[in-house]
Amino acid sequence: MIIYRFLSLCFVHVLAVVFCYAQQIETDYLTVKGNFDLDKLEDKMYIVRKTVFNKDEEGYNNLHVSEVYIRGKICLGNKTTLSFIDHDDLDESRGGELTYISPIPGIIIRNLKIQNGPSVMVVYDYYMFAPKHHNWYKYKTATYNQTQWDSFHVTFDYYDKVQKPLIGSKEQTISTIPKDPMLPKKPLKLIIQECEKGYCPKTYLNFIYYIELLNHIDIEKYERDIRKLAMLIRSYNESWGNYIITNYLKRH
């Protein structure tokens, strides 16, 4: 009986060692600065991010990103502190991460990226500050989904009735849609001038910004300008330029 218990304990110990050996957890710490609540005071978001890596099932030493866990703390300039947790499945990818940015006051963007070779999916969830509830609510999602080097599409989802919060789980129901502060405000001609000076989109988020601009203008009226923009972007990223030509010029 004593021998049986000893062997059982050894077996459990071996299982624990094998499991730990097959799985690796990395912890890093991020700080995001911005004006999250529109009070003109600097706010900070402190993030503890734990990323889980698994080894190949075949026994090779290659690591795949499995999951990511977030513990976040938002410290507002008025000394208010808010906490949140987050989690996402990274689909056993070769590379993946979950981050947050605040490009303009009142907006927090949750950025999920999953990559396997030429396959890339980037999901941007846009949260807008609601003073009434002192929380941020998801009002838009932009997804960049690339299956091959030259095959991808960009989609947008807008939440104009029920919106999920960043803090907690109580959703917000809205009757009127507030103006989207992330919609492009620059005229197309000014954006073309910037591209001519070398300021073409160099990130997925920048490219999505351009695509949303094209979704909100008269394609036929600005066909010549759109073609010029596509050629400029094509000189930097051929597949991005071709995407504009295929989806905004060839269909007309």
Side-chain angles (χ1 to χ4, degrees), residues 1-34 36 44-75 81-103 108-127 135-136 138 141-149 151-155 157 164-171 203-205 208:
M1 187 68 178
I2 295 176
I3 294 176
Y4 174 76
R5 289 181 177 176
F6 175 75
L7 291 175
S8 298
L9 288 172
C10 287
F11 179 69
V12 171
H13 178 69
V14 169
L15 279 179
V17 171
V18 170
F19 179 77
C20 292
Y21 181 73
Q23 190 177 73
Q24 179 177 323
I25 299 177
E26 291 186 1
T27 302
D28 56 346
Y29 303 87
L30 310 172
T31 300
V32 180
K33 297 180 181 180
F36 305 151
K44 294 181 180 179
M45 179 189 295
Y46 298 101
I47 296 170
V48 179
R49 181 174 62 188
K50 293 182 181 294
T51 307
V52 181
F53 296 84
N54 290 332
K55 287 192 176 181
D56 284 335
E57 293 182 0
E58 293 81 3
Y60 300 106
N61 288 327
N62 296 325
L63 291 175
H64 298 271
V65 188
S66 173
E67 298 174 279
V68 59
Y69 296 86
I70 296 287
R71 284 195 174 276
K73 182 181 292 185
I74 297 177
C75 298
T81 300
L82 303 166
S83 299
F84 68 97
I85 58 174
D86 199 355
H87 163 263
D88 221 308
D89 185 355
L90 297 178
D91 200 27
E92 298 295 333
S93 59
R94 291 291 183 182
E97 64 176 3
L98 177 60
T99 58
Y100 300 81
I101 59 174
S102 180
I108 295 175
I109 299 179
R110 178 187 190 267
N111 175 14
L112 173 68
K113 181 180 179 183
I114 300 175
Q115 183 165 2
N116 271 311
S119 174
V120 180
M121 184 175 72
V122 187
V123 181
Y124 296 100
D125 291 320
Y126 295 72
Y127 290 81
N135 205 340
W136 296 260
K138 183 168 68 172
T141 296
T143 304
Y144 179 101
N145 197 345
Q146 175 179 304
T147 54
Q148 297 295 329
W149 293 117
S151 176
F152 68 92
H153 59 272
V154 177
T155 57
D157 294 296
K164 294 182 178 180
L166 179 66
I167 309 294
S169 58
K170 188 175 181 180
E171 297 179 334
T203 66
Y204 296 113
L205 186 61
I208 286 172

Mind listing the closest non-hydrogen atom pair of Asn116 and Arg94 along with its distance?
OD1-N, 2.8 Å
For Leu166 and Asn135, the nearest pair of non-hydrogen atoms, with its separation, is N-OD1, 3.8 Å
Kindly indicate whether the side chain of Ile101, heavy atoms from C-beta on, has any atom under 4.5 Å from the side chain of Asn111.
no
Could you list the residues that satisfy ring-ring contact (aromatic ring centres under 6.0 Å, His included) with Tyr204, not counting sequence neighbours?
Tyr144
Sub-3.5 Å donor-acceptor pair from the side chain of Tyr124 to the main-chain atoms of Leu205, do we have one?
yes
Give the C-alpha distance, both sets of side-chain angles, the deciding distance and a yes or no for side-chain contact (heavy atoms from CB on, under 4.5 Å) between Met45 and Phe84.
CA-CA 10 Å; Met45 179 189 295; Phe84 68 97; 4.0 Å; yes
For side-chain contact (heavy atoms from CB on, under 4.5 Å), just list the numbers for Ile85 and Tyr69, CA-CA rounded to whole Å, side-chain angles, deciding distance to a tenth of an Å, and then say yes or no.
CA-CA 8 Å; Ile85 58 174; Tyr69 296 86; over 6 Å; no
Could you tell me whether the side chain of Val122 reaches within less than 4.5 Å of the side chain of Ile208, counting heavy atoms only?
no
Is a donor on one side and an acceptor on the other found under 3.5 Å between the side chain of Gln146 and the backbone of Pro118?
yes
Which heavy atom in Lys44 sits nearest to a heavy atom in Phe36, and how many Å separate them?
C-CE1, 3.7 Å
Roughly how far apart are Thr99 OG1 and Ile47 CD1, rounded to 0.5 Å?
7.5 Å
Residue pair Asp88 / Arg110, side-chain heavy-atom distance below 4.5 Å
yes
Distance-minimising heavy-atom pair for Pro165 and Gly168
CG-O, 3.5 Å
Identify the heavy atoms of Gly34 and Ser102 that sit nearest to each other, and give their distance.
CA-OG, 4.4 Å
How would you list, by chain and number, every residue that makes a ring-ring contact (aromatic ring centres under 6.0 Å, His included) with Tyr126, sequence neighbours excluded?
none
Just do the side-chain hydrogen bond (donor to acceptor under 3.5 Å, both in side chains) check on Ser83 and Lys73 with the steps written out, would you?
CA-CA 4 Å; Ser83 299; Lys73 182 181 292 185; 5.5 Å; no
Are any non-hydrogen side-chain atoms of Asp91 and Met121 less than 4.5 angstrom apart?
no
side-chain contact (heavy atoms from CB on, under 4.5 Å) partner of Thr143, chosen from Val123, Val154, Leu112
Val123
Among all residues two or more places apart in sequence or in another chain, which pass the side chain to side chain contact (heavy atoms under 4.5 Å, CB included) test with Gln115?
Lys113, Val120
Which is it for Val52 and Gln23 under the side-chain contact (heavy atoms from CB on, under 4.5 Å) test, yes or no, and what are the steps along the way?
CA-CA 7 Å; Val52 181; Gln23 190 177 73; 3.4 Å; yes
Would you check, one step at a time, whether the test salt bridge (Lys or Arg N to Asp or Glu O under 4.0 Å) holds for Asp125 with Lys164?
CA-CA 10 Å; Asp125 291 320; Lys164 294 182 178 180; over 6 Å; no
Checking the side chain of Arg49 only, and the main-chain atoms of Leu98 only, is there a donor and an acceptor separated by less than 3.5 Å?
yes
Residues passing the ring-ring contact (aromatic ring centres under 6.0 Å, His included) test with Phe53, sequence neighbours excluded, are none
Mind checking what makes side chain to side chain contact (heavy atoms under 4.5 Å, CB included) contact with Ser151, not counting sequence neighbours?
Thr147, Gln148
Qualifying residues under ring-ring contact (aromatic ring centres under 6.0 Å, His included), relative to Tyr46, sequence neighbours excluded
none
Nearest heavy-atom approach of Ile74 to Ile167 is CD1-CD1, 4.1 Å
